[in-house]
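Residue numbers begin at 1 in each chain, while the letters A, B, ... track the order of the sequences.
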Amino acid sequence: MSNNPVKVTLPDGSARTFDGAVTGTLLAQDIGPGLAKAALAWQVDGEIWDLERQLSVDAEVSIITRKDEAALELIRHDCAHLMAMAVQELFPGTQVTIGPVIEDGFFYDFARNEPFKTEDLEKIENKMRELVDADHPTAREVWARDDAVKHFKDLGEAYKAEIISDLPADQDISIYFHGPWHDLCRGPHLSSLGKIGKAFKLTKLAGAYWRGDSNNAQLQRIYGTAWRDEKELKAYLFRIEEAEKRDHRKLGKEMSLFHFQEEAPGMVFWHPNGWTLYRELESYMRRKILKNGYDEVRTPQLLDRKFWEQSGHWDKYRENMFLSEADDKTLALKPMNCPCHVQIFNQGIKSYRDLPLRLMEFGSCHRYEPSGALHGLMRVRGFVQDDAHIFCTEDQIAEETKRFCDLLQEVYSELGFTDIRVMFSDRPAVRAGSDEVWDRAEKVLSDAAKNIGLDYVHNPGDGAFYGPKLDFVLRDAIGREWQCGTLQCDFVLPERLGAAYMGEDGKKHTPAMLHRVILGSMERFTGVLIEHHAGKFPIWLAPVQVVVASITSEANAYAEKAVEALESAGLRASLDVRNEKINLKVREHSLAKTPVMFVVGKKEAENTTVSIRRLGSKDQETLALDEAIHDLTQEARPPDLQ
RNA sequence: GCCGCAGUGGCUCAGUGGUAGAGCACUCCCUUGGUAAGGGAGAGGUCGAGAGUUCAAUUCUCUCCUGCGGCACCA
């Protein structure tokens, strides 16, 4: 170790010089005993280091304590080790594999013949607390690769040995010891297990494939969450509870929007309330799309197998298609609309003057999704896409991309989503079309995206089998992301399906085809809306926009009249003249999330007024019935008609 | 599809090797009450489906179905 002086610069700009190499611990002690006690790790030129790691060159440094955001990652990483340690103590013979930090927590994948039971989580958690109390110190060693491989093999840790063998040759094989237990790990780690604290909780048990490949063995994964203190843990658990409250499956049941049943897994039974919401959304989209130069069409759902053979779907997606037999033929329910739209394009002779031709359909599709993938409205087997295909020349792609992105932004913003992320996905391993065609398609689409200033993230290898795509991911009210829109550039299918137009040069050409959706699946987007609004829909979407509730039976006739007036003004109104107290009615309609309530008693009946109560407010406002209806009619207009 | 868990009246859930219970909702009666639960009575379940063990299964075992949490998948 060199004895040259080491100068470190602290965040406040002050500098300290040490005679030789310095560790985080030494530095913290040098600054003060309080900090020495609170130190968890230190940051050297932006990189987090173990406290005991030696620094022998000048650097910018800071001491990390529990107060720092960076402490979270350290705590979670240590917690993963702690859990693995507890598991191996409780269940000897269990092999460890990997245990990374993830959003809000960590997990560790184990290989063990016996399955873990839910009850085991508590045992493991208790053992973890014991180990925290024991406060085993951490030590780091660097081993020779072959020694490390042999060591873990001898221990029966085949997975660890495999991981080490696969590490790049130039990488140090660092082993971390926590008292009697050790693991291969890149680090950094806290200086002892006690520093983790006890604000952790094991949350769920799951299966996970080794190296994420379903051909490999399935491991047992235990998830946990860990925080800097009890308060943060509580806040996290509260956040989870709040998210559960707005779960669209729960709200769908409570608000009678839709249901599923086992005779039709993954297919929605829409109830009157839910269908009203769906239809409002559909009407809105139809107006937006038709205004943007599209023509609406409708195509068959059941088509002959040979049709799908020609399109290439039979080869690649046969396993995921619903099949049927009739007239000695095999038919398949359409999994997407594009081949059908090409058939419409192919009717008659198209001229370059007809391009771009934009065909739009609320296309009803079926996909045989794996049973484990189904999830409420978010992942279904029968769904409707707000789908369209734009047939155009290659030169028109840039302009069409711009038009589409403008429309998409407008729709998202009118529906209340402003935080949108874009991804550009290029050629997948399994694909149709030559590399030359892919080169062209990727270039034209990414250039178009760049030209309109889209700030996209590159997502390699995730394109559709026929072309590259732009995906649009939106963030909802509580920060979750939903992939909805997509724009896919396709030079393959039009050719395969024989689409052609007569060019200016009098020769036949194959058009390019842009596949695009904005909402994606209507079902899924409805689910997103339910969760985004937590069931408290804006008036234009609310299944029941206003309920008229009478206070006494003497006002019932007037209440009926008010409902009739609301309905003739085009509003969705319902009547509540039950023989119940107004308190109960207010409570029930509030719980039902009806946005507006007209409360009418004797006074209102005599004066032709209504007492208005809005969802989420205790205020009351009395207005003349006509005026109230007039105001509400304005307010209930969809965003594009405001 | 894979791993783990679950399936009991419309809903939320309790419970037991001797064929079931609560709250809410529902029906009826009383109550006409001014902004988040007025009172009383009543009705309602082949305990997901099939098979097995047992004198006896909603309860134990197996198979299947569906759902839930992940994984894998998502044209």
Nearest-Å distance, [atom1] ([X]) to [atom2] ([N])?
X: A:N459; N: B:C74; atom1: CG; atom2: C1'; value: 13 Å
X: A:L121; N: B:G70; atom1: CG; atom2: P; value: 14 Å
X: A:L251; N: B:U12; atom1: CG; atom2: P; value: 13 Å
X: A:D387; N: B:A75; atom1: CG; atom2: P; value: 13 Å
X: A:L219; N: B:C71; atom1: CG; atom2: C1'; value: 10 Å
X: A:L374; N: B:U66; atom1: CG; atom2: C1'; value: 10 Å
X: A:E244; N: B:G69; atom1: CD; atom2: C1'; value: 11 Å
X: A:Q488; N: B:C74; atom1: CD; atom2: C1'; value: 12 Å

Does the structure show a Watson-Crick or G-U wobble partner for [N], both distances under 3.5 Å? Name it, or say none.
N: B:C28; value: B:G40
N: B:U54; value: none
N: B:C47; value: none
N: B:A6; value: B:U66
N: B:G34; value: none
N: B:C71; value: B:G1
N: B:G23; value: B:C11

With rounding to whole Å, what would you report as the distance between [N] and [M] at their [atom1] atoms?
N: B:U53; M: B:U66; atom1: P; value: 28 Å
N: B:U54; M: B:U59; atom1: C1'; value: 13 Å
N: B:G17; M: B:G7; atom1: P; value: 16 Å
N: B:G9; M: B:A22; atom1: P; value: 14 Å
N: B:G10; M: B:G4; atom1: P; value: 32 Å

Please work out if [X] contacts a base, only the sugar-phosphate, or nothing of the nucleic acid, heavy-atom cut-off 4.0 Å.
X: A:G212; result: sugar-phosphate
X: A:F107; result: nothing
X: A:L591; result: base
X: A:L584; result: sugar-phosphate
X: A:K603; result: base
X: A:I551; result: base
X: A:Q220; result: nothing
X: A:N320; result: base
X: A:F260; result: nothing
X: A:A206; result: base

Walk me through whether A:Q343 and A:H341 qualify under side chain to side chain donor-acceptor pair (under 3.5 Å). CA-CA 5 Å; A:Q343 306 313 304; A:H341 290 180; over 6 Å; no

Nearest to the side chain of [X], which nucleotide is it out of [options]?
X: A:V586; options: B:A75, B:U35, B:A25; result: B:U35
X: A:S590; options: B:G34, B:G70, B:A36; result: B:A36
X: A:P115; options: B:A25, B:G69, B:G4; result: B:G4
X: A:P265; options: B:A37, B:C73, B:G67; result: B:G67
X: A:R379; options: B:C73, B:G69, B:A75; result: B:C73
X: A:K581; options: B:G38, B:A75, B:A36; result: B:G38
X: A:R367; options: B:C5, B:A75, B:G1; result: B:A75
X: A:F465; options: B:A36, B:G33, B:A75; result: B:A75
X: A:S214; options: B:G33, B:A72, B:A36; result: B:A72
X: A:K602; options: B:U35, B:U12, B:G34; result: B:G34

Verify whether the ring centers belonging to A:W227 and A:F200 lie closer than 6.0 Å. no

Spacing of CG belonging to A:L377 relative to CE belonging to A:M522, to within rounding of 0.5 Å: 11.5 Å

OP1, OP2 of [N] versus side-chain N and O of [X]: anything below 4.0 Å?
X: A:H375; N: B:G69; answer: yes
X: A:R249; N: B:G69; answer: yes
X: A:N583; N: B:A36; answer: yes
X: A:K204; N: B:G70; answer: yes
X: A:T118; N: B:C5; answer: no
X: A:K253; N: B:U12; answer: yes

Parallel, tilted or perpendicular: which describes the rings of [X] and [Y], with under 30° parallel and over 60° perpendicular?
X: A:F391; Y: A:F345; value: parallel
X: A:H389; Y: A:H515; value: perpendicular
X: A:F110; Y: A:F116; value: perpendicular

For A:F465 and A:Y317: C-alpha separation, side-chain torsions, deciding distance, then whether ring pair (Phe, Tyr, Trp, His ring centres under 6.0 Å) applies. CA-CA 10 Å; A:F465 79 87; A:Y317 297 106; 5.6 Å; yes

First of A:Y209 and A:E119 reached from the 5' end of RNA chain B, by closest nucleotide: A:Y209

Mapping A:E369 and A:E263 onto RNA chain B by nearest heavy atom, which one lands closer to the 5' end? A:E263

With A:D247 as reference, evaluate A:K245, A:K250, A:R249 under the salt bridge (charged side-chain N to carboxylate O under 4.0 Å, His left out) test and give the passing residue. A:R249

From CA spacing to verdict: ring pair (Phe, Tyr, Trp, His ring centres under 6.0 Å), A:H532, A:F417: CA-CA 9 Å; A:H532 180 63; A:F417 300 95; 4.2 Å; yes

Between A:E606 and A:K602, is there a salt bridge with N-O shorter than 4.0 Å?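 Salt bridge absent between A:K602 and A:E606.
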
Between the base of B:G34 and the side chain of A:E604, is there any donor-acceptor pair under 3.5 Å? yes

Check if the side chain of A:R613 and the base of B:A36 share a donor-acceptor pair of N or O atoms closer than 3.5 Å.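 Yes, a donor-acceptor pair under 3.5 Å.
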
